[in-house]
Structure formats: C-alpha cells, structure tokens
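Shown next, in structure tokens, is the structure this report addresses.
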Amino acid sequence: MDLKADAQRMEKIVSLCKRRGFIFQSSEIYGGLNGCWDYGPFGVELKRNVKNYWWRVMVHERDDVIGMDGSILTHPEVLKASGHVEGFSDPMIDCRTCKARLRADQVIEKKRVRQCPNCGGKDLTEARPFNLMFQTQMGAAADETSIAYLRPETAQSIFVQFKNILEVSRKKLPFGIAQIGKAFRNEINPRNFTFRSREFEQMELEYFCRAEEGMKLLDYWLEERLKFYENIGISRDRLHVKTVPDEERAFYSRGTYDIEFDFPFGRQELEGVAYRTDYDLLQHQKASGKSLEYFDEETKQRFVPHVVEPSAGVDRTVLALICEAYSTDEAPDEKGKMETRLVLRFHPRMAPIKCGIFPLLKNNDQLVAKAKKIVGLLRAHMNVFYDESGAIGRRYRRQDEIGTPFGVTVDFETLGEKTAALTDTVTLRERDSMKQERVKINDLADMLISRIS
Ligand code: ATP
C-alpha cells in the first residue's frame, strides 16, 4: 500500500467534494464546526439515492419489513435501560501540560512512561470515562428532570415502539422494522472527512425472530447487505467481512460481523450486522414495566423475540461511493489533444444527475427549444441537468466530474437540416466509454429508465 499516494488521493477527493458541491464543512464561514458536514446540491442527491435504494430493497420489496420514523430527542429512561447512559463512553486522558483531551488508546508509551502525543508531556491524568451522548434540556426548567438526549443510534426507538408496531401491522415472526435517521455522538476525534462525524445518519433494520433462528438470520442478513453494496456499485474486492471476536463484541451479542471497505485512509467499518439476542427488548420490558412479548398463535406461547440488526451509516456509504467512483483517464480536448479527465464512475442508479442535456449552440433558438423539450420529457422520470454554456467538450467534462452517466446533445441533424432520416434524433454519450450513439428522442426516456433503475 502506498500511504502517500492514498493520502493524496483522499485530499483530492475532499477538494473535489467541495469544488463540485458534494460536501462542505458545516459553518465554514465561521471557521467550521468540528465533526459536522453540510451536503451541497449534488451531495444531497447522492445521499437521497442511497437512502431511497436502501428503503426500496429493505422495506418496499419485502413482505416482512415495515418502516418507522422516530423522534431524535429521547427520554432519558430509554437510554438508561439500553445501557447508553452508563456505558456509552470512551476512556479519556487529559494532558496537564498542553490541556489536550486524548482518547486512552492515543496516548503513547515510551519505556513504560505514558506520553502526550501532542506535546510529549508526561503529566497525564488517569483514564476517565467520557460519555459520547449529547445531552440537552427540555422545557423551561433546567434541572435533572428536564434532561433529554439526542439519540446515539436509531435502534432504540424501534425497540420502544415494538409493541405498537406489532399491534398495528399484525406481522408474524420473523419480521423487521426499518428506520433511517440522524444519530449523534460526541466523538472525541472526528476524522477522515465525514467518516467519523458527530452528527450522522443511520439506516437500521431490527429483524425480530425466534431464538433458534438468530444465528442463521445473522448470516442471511450479512449476505443481503453485501449484495446491497454491490448493487450500488461498490466492487466486492474492496468489501471485507470481519467476524468480530468475542472480546470485542457487545456482551449481549452472540455474533457480529463488520462489513468493511478499503477507504484511502485504510480498511474501515461501513456497517455492523449484529445478533443482539433479546437483550434490548428485555431491558425495556424490565425498565418500563410494560410487556414486550410476542404471542405465537400456533404454539400458544408468549416470549420476548430475539433480534438481528444490520446497521449502516449513510454518510460512510456516500463516502465509500465517492472514493470508489473517483478516477482519472485520458480524453481528447476540443482540438483532439489528449488531456487528463477526472471522472466519478458512479453506478447510474446512484448518480446525482442521470442525464445532461446540451443544445450544440446556445444562440440558436431551435436547438435550445428542442433541448428544453427533452428536459421536459425526461424530468418526469429522472433528475436531469440542462447546460448550454461553453464548448460541448467542456460541458461533458463538467458532467463527468459529478458522475453523470449520460449526456444528450441536440445538433443540426436533430433539426433535420442535413439528413432527413436523422430528424428528431440526438447523440447519446455514455460517460465511461465516451461512446456516442444516435437515438430517437421518442426512445430516450425508456432507454435511460432501463439503465438507471
Ligand atoms: P466505530 O467502531 O467506527 O465507531 P461503531 O461500531 O461504534 O463504529 P455502530 O454503533 O455499530 O458503530 O453504528 C452502526 C453504523 O453507524 C456504523 O457502521 C457506521 O456506518 C455508522 N456510524 C457510527 N458512528 C459513526 C460516526 N461517528 N460517524 C459516521 N457514521 C457513524
């Protein structure tokens, strides 16, 4: 692995994300808010495509999964019962010399003496737990009784609503409840661009089952989730499955896999697939005093279901897609001279813009009118981008840089000025091969829909 080349690649990706409107530092004009990011015009489209596709395959295309959308502000009792108030913490050490707050595993040890990695100081405090949850106050009173938390994961609201959803949906085991939404963690060291943020989005499924099905479903969901990543354009050889060893697993989990991706900054977790047993529901049943049991009509048994949880990060998936897509090759410029082309090779399903539409000349009313008509035709089915400024090659390049898979050019043939048979046809250019074909305007929508869905 070439560490320098990887670091440079990452720097280029971060700068492209800003330059082309994918991701900006939050509150940038005020110096930035550490660990928080804003998605720009193309970033928001990419992120939506990820979430929509997840929802489509995890909820809409299945009979056994339904969705919910829970509140971010969370009752403290929920997070006490789940163990987050007590246990959701990293051990921290303060350096008394430079006042840096360090995660215990960042402290270096030389000849058995602990040292601050920032200033080399040796005057360090003992490790103390630092809770990763954001706490806030609800209502006018600012005392113990008004404490609420921003949720550190979306899962808990699913467990807490388990009974309500079971009653209204009348699902039989095994079945799942899915949710996409924001989660917040006061990470000590936000880093690697959006990879470790303080505010991020999760896509979580809690798949409830009988105890004896847990281990088999864990493997089933691992495979489903690997398929998901391949279907959004992440190549299988950059995905890795780590079987989390006993000593690293949450104590209640009977089996956990991490799905990892080769980011330029190393192999890192994209998603965790965990068999959480009946721990969460039992905890909430005990703390709330409300039954969270399932009644099996066939066997007439009552029991608290077990659960398998695939938990993915939206922001990490978006970052993986951008890292995977980023590439350069050679393409001819206006005069036929080869130049380096920067291209995001997004899977058409994920690309923020599906098709660029270009009149050959912007000062020809007929070309412009035809191009705008095509915009109208396609817009009902997909996100398109109209661009009339600059040489056609430049317009292609701009779309290549944001990963638009198709480009349509309206030229004089379209107007029927040269060959009558070509009237109402356009050139359709494919991003990766740069191949162009002549296509009837009437066939365009069907042709593109089949390639992007
Ligand atoms: P890590 O070990 O990287 O901190 P984790 O094991 O604590 O992650 P989980 O609690 O399993 O993460 O959360 C499920 C998913 O939520 C992760 O796989 C990841 O995609 C996402 N996620 C968790 N923490 C963050 C974060 N700080 N920033 C962005 N995404 C995150």
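Throughout, numbering of the chain's residues begins at 1 and tracks the sequence. What you see is a predicted model, and the numbers here were worked out from it, not measured in a lab. Order of listing sets the numbers, starting from 1, for every ligand and every atom in it.
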Tell me, which protein residue and heavy-atom name are nearest atom 22 (N) of ligand 1, and how many Å apart are they?
Phe200 CE1, 3.5 Å
Option with minimal heavy-atom separation from atom 16 (O) of ligand 1, where the choices are Arg316, Glu309, Gln202
Gln202
Among all protein non-hydrogen atoms, which one is nearest to atom 15 (C) of ligand 1, and what is the separation to 0.1 Å?
Ser311 O, 3.7 Å
Answer yes or no: does an N/O atom from Ala312 fall short of 3.5 Å to an N/O atom of ligand 1?
no
In the protein, what heavy atom is nearest to atom 28 (N) of ligand 1, and what distance, to one decimal place, separates them?
Ser197 N, 3.0 Å
Can you tell me the protein heavy atom closest to atom 29 (C) of ligand 1 and the distance?
Phe195 O, 3.1 Å
Residue pair Arg196 / Arg316, side-chain heavy-atom distance below 4.5 Å
yes
Quick check: Phe184 with Tyr149 (ring centres under 6.0 Å apart)?
no
Checking heavy atoms under 4.0 Å, the part of Thr317 that sits near ligand 1 is neither
Tell me whether the count of non-hydrogen atoms from other residues, nucleotides or ligands lying under 6.0 Å of CZ in Arg19 goes above 12.
yes
Between the side chain of Thr317 and the main-chain N/O of Gly313, is any donor-acceptor distance below 3.5 Å?
yes
Give the atom numbers and elements of ligand 1 that come within less than 4.0 Å of a heavy atom of Glu187.
26 (C), 27 (N)
Out of curiosity, is Asp315 lining ligand 1, as in a heavy atom under 4.0 Å away?
no
Would you say Glu167 and Asn164 are linked by a side-chain donor-acceptor pair, where the criterion is simply a distance under 3.5 Å?
no
Need the ligand 1 atom indices (1-based, order shown) with element for anything under 4.0 Å from a heavy-atom of Leu270.
18 (O), 19 (C), 20 (O)
Sidechain-backbone polar pair: Asn383 side chain, Pro352 backbone, donor-acceptor under 3.5 Å
yes
Would you call the rings of Tyr279 and Tyr252 parallel, tilted or perpendicular, where under 30° means parallel and over 60° means perpendicular?
parallel
Which atom pair, heavy atoms only, marks the closest approach of Val273 to Leu222?
CG1-N, 4.2 Å
So which protein heavy atom does atom 11 (O) of ligand 1 come closest to, and at what separation?
Glu269 OE2, 3.6 Å
Hey, which atoms in ligand 1 end up nearer than 4.0 Å to a heavy atom of Gly272?
18 (O)
If the test is side-chain contact (heavy atoms from CB on, under 4.5 Å), which one of Val318, Ile23, Leu321 qualifies with Lys47?
Val318
Quick one: does Glu153 get within less than 4.0 Å of ligand 1, heavy atoms only?
no
Which ligand 1 atoms does Glu271 reach within 4.0 Å, using its non-hydrogen atoms?
18 (O)
Do Tyr53 and Phe228 make the cut of ring centroids closer than 6.0 angstrom?
yes
Using a 4.0 Å heavy-atom threshold (strictly under), name the region of Arg185 that reaches ligand 1: side chain, backbone, both or neither.
side chain
Which protein non-hydrogen atom lies closest to atom 21 (C) of ligand 1, naming both residue and atom, and how far is it?
Gly313 CA, 3.8 Å
Tell me if a side-chain donor or acceptor on Glu230 pairs with a main-chain N or O of Lys227 at a distance below 3.5 Å.
no
Counting heavy atoms only, which part of Arg196 comes closer than 4.0 Å to ligand 1: side chain, backbone, both or neither?
both
